[in-house]
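The structure under discussion appears below in the form of structure tokens.
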Number of protein chains: 2
Amino acid sequence: MKPTTPAAEDYLKTIYAHTEWQPDPITPRVLATRLGIAPSSVTEMVKKLAADGFIAHVPYGPLTLTPAGRMRATAVVRRHRLIETWLVRELGYTWDEVHDEAEVLEHAISDRLLEAIDAHLGHPTADPHGDPIPAADGSTARVPAVLLADAPPGHAGTVLRVSDRDPTILRSLADAGIGPGSRLAVVDANTVRLPAGELHPLAPDAAGAIWLTR
Amino acid sequence: MKPTTPAAEDYLKTIYAHTEWQPDPITPRVLATRLGIAPSSVTEMVKKLAADGFIAHVPYGPLTLTPAGRMRATAVVRRHRLIETWLVRELGYTWDEVHDEAEVLEHAISDRLLEAIDAHLGHPTADPHGDPIPAADGSTARVPAVLLADAPPGHAGTVLRVSDRDPTILRSLADAGIGPGSRLAVVDANTVRLPAGELHPLAPDAAGAIWLTR
DNA sequence: GCCAATGTTTAGGCGAACCGAAACCCCCTG
DNA sequence: CAGGGGGTTTCGGTTCGCCTAAACATTGGC
Ligand SMILES: [Fe+2]
Ligand SMILES: [Fe+2]
Ligand SMILES: [Fe+2]
Ligand SMILES: [Fe+2]
């Protein structure tokens with residue numbers, strides 16, 4: 001369908017990301033905050049994206065992706081996560097350093113290069129933060145997960161995913177050896193128990209960035 | 001000094017490229033043609049680049065880079081050529097496929113990623129077309145060369161560099177096994193003799209794209 | 001059931017990068 | 001040395017993506 005600009009792709013990606021782990025649609029206000037821009041700018045772009053058939057929007061209502069919009073969004077997410085994986089596996093980046101670089105490159109690489117990277121990496125299914133990498137057809141493996149902050153004390157599980165929004169949290173977790181695949185048990189909202197039995201205090205907000213198996 | 005936009009970087013790069021192998025400064029008209037834009041657009045950007053101290057320009061005169069401008073230009077060229085080298089060496093691209101991809105990525109990668117790629121490749125000094133890769137300080141190895149079209153019949157030399165502007169020429173040369181390092185002798189403007197002794201007809205314009213040792 | 005807070009949209013504007021048309025300058029030709 | 005033609009610049013205009021300020025719609029508290 002219609003081509004998309006880097007700015008439009010970031011809108012679609014952010015709308016998609018909001019429903020990736022929680023199903024309620026995003027509002028213009030939240031979208032503006034996430035993108036770091038003024039609400040009026042969102043209104044404007046939303047008008048274009050709706051006219052191009054990528055989102056559905058009734059005035060003063062929430063924003064939902066059309067099938068075409070979801071396809072575009074997952075394509076951008078696929079690029080972002082493959083690039084992050086490539087930076088960590090091939091070029092010595094740590095998982096707290098890759099997000100900003102991927103944010104730019106996701107709009108710059110060709111389909112040809114994307115598929116070359118994918119093949120080079122052996123078609124990975126998750127990025128360094130545990131986020132699933134959508135397939136080229138837009139399909140995404142989805143695993144039931146619970147946010148650590150929402151898990152009851154005593155809940156034990158495996159780390160599925162850590163949000164890459166705050167590099168500080170990523171660094172503190174890496175220092176503790178915690179990452180996707182780590183086993184841990186919830187003690188309270190700010191403390192977890194590691195497999196060795198030791199208690200580990202979490203950085204502020206870290207509980208809101210870690211997803212565990214149910 | 002001042003930051004540069006992708007568009008400005010392409011102006012600087014193109015001004016630099018014009019003098020890389022021939023020393024006469026470029027004119028606005030030629031620059032507009034090379035960039036595929038209208039002359040009036042060049043006037044406008046030239047004003048900004050001159051105000052920012054990257055080029056020297058007297059009205060109705062040619063365009064020359066200041067030291068700061070040359071530094072920026074070589075930095076972009078370095079990115080471009082390292083990316084081309086990486087695409088060929090690591091990701092299975094052929095030398096006729098890399099230019100357009102590099103044209104975009106040269107404006108998108110961070111310094112961090114640039115240096116990681118450089119290290120990953122072992123600090124190469126030439127790209128797949130034989131173009132020298134400027135060092136991080138802007139210095140460039142320069143080898144005396146002669147354009148095949150300008151070489152007298154009978155001149156024998158090694159291919160130093162092939163312009164990547166026309167992918168068709170690159171493909172036809174690759175089919176004939178000709179690339180940087182190949183030995184050949186000039187028969188006439190459209191024919192060369194290969195080491196095995198056989199005559200090889202050149203594609204139209206290929207003689208204007210191949211540089212030989214003196 | 002009214003009204004103010006909150007969220008959304010409209011209106012007007014800005015900088016970047018481009019365009020075509022028209023004015024202008026330079027210099028070569030006759 | 002007077003034109004005239006080709007290159008250059010100026011001028012007004014466009015699109016994109018953002019902004020602020022002000023108008024406006026929705027909704028929930030009283
Ligand atoms: Fe990321
Ligand atoms: Fe992005
Ligand atoms: Fe190139
Ligand atoms: Fe470029």
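Chain identifiers are assigned alphabetically (A, B, ...) following the order of the sequence lines, protein sequences preceding nucleic acid strands; residue numbering begins at 1 within each chain.
No donor-acceptor pair under 3.5 Å is formed between the side chain of A:Ser139 and the backbone N or O of A:Ala135. A:Thr191 contributes no side-chain N or O that, together with a main-chain N or O of A:Asp188, makes up a donor-acceptor pair within less than 3.5 Å.
Of the listed nucleotides (C:dT9, C:dA17, D:dG7), C:dT9 has the atom at the smallest distance from the side chain of A:His57. Here the side chain of A:Thr5 is nearest to one of D:dC16, C:dA17, D:dC18, namely D:dC16. Closest to the side chain of A:Ala7, out of D:dC18, D:dT8, D:dA25, is D:dC18.
Taking atom CG on A:Leu49 and atom C1' on C:dT9, their separation rounds to 16 Å, with Å as the unit. Between B:Leu31 atom CG and D:dG7 atom P the separation is 15 Å, expressed in whole Å. A:Arg29 places its CZ atom 17 Å from the C1' atom of D:dC24, with the value rounded to the nearest Å. Distance CD1 (A:Ile37) to P (C:dG7): 16 Å, rounded to an integer number of Å. Look at CD on B:Glu9: it is 15 Å from P on C:dA16, rounded to the nearest Å. Atom-to-atom, NZ of A:Lys2 to C1' of D:dC16 comes out at 16 Å; the value is rounded to the nearest Å. Atom OH of A:Tyr60 and atom C1' of C:dT9 are 5 Å apart (whole Å).
Using a cutoff of 4.0 Å between basic side-chain nitrogens and carboxylate oxygens, A:Arg79 and A:Asp111 are scored as salt-bridged. In this structure, A:Glu84 does not pair ionically with A:Arg78, as no charged nitrogen and carboxylate oxygen lie closer than 4.0 Å. Ionic pairing of A:Lys13 and A:Glu106 is present here: one or more N-O contacts between side-chain nitrogen and carboxylate oxygen are shorter than 4.0 angstrom.
In summary, the side chains of A:His80 and A:Asp131 do not present any donor paired with an acceptor at a separation below 3.5 Å, with no hydrogens or angles considered.
Taking the screw axis at each terminus of the helix from C:dG1-D:dC30 to C:dG30-D:dC1 from five consecutive base pairs, the angle between the two is 20° to within rounding of 10 degrees.
Classification of the A:Trp86-B:Trp86 ring pair by plane angle, with boundaries at 30° and 60°, yields tilted.
The side chain of B:Lys48 contributes no N or O atom lying less than 4.0 Å from OP1 or OP2 of C:dG15. Using a 4.0 Å cut-off, some side-chain N or O of B:Tyr11 falls inside it from OP1 or OP2 of C:dC18.
Counting non-hydrogen atoms under 4.0 angstrom, B:Ala38 reaches the backbone sugars and phosphates but no base.
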Test A:Glu101 against B:Ile109 for side-chain contact (heavy atoms from CB on, under 4.5 Å), laying out the working first. CA-CA 7 Å; A:Glu101 189 89 46; B:Ile109 68 173; 4.2 Å; yes

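Of the residues in residues 39-47 of chain B, B:Pro39, B:Ser40, B:Thr43, B:Lys47 come within less than 4.0 Å of DNA chain D through at least one heavy atom, sorted by number.
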In a table with atom names and distances, give each donor-acceptor pair under 3.5 Å that connects a side chain of residues 26-54 of chain B to protein atoms at least two apart or in another chain.
| residue | atom | partner | partner atom | Å |
| --- | --- | --- | --- | --- |
| B:Thr27 | OG1 | B:Val30 | N | 3.4 |
| B:Thr33 | OG1 | B:Arg29 | O | 3.0 |
| B:Thr43 | OG1 | B:Pro39 | O | 3.4 |

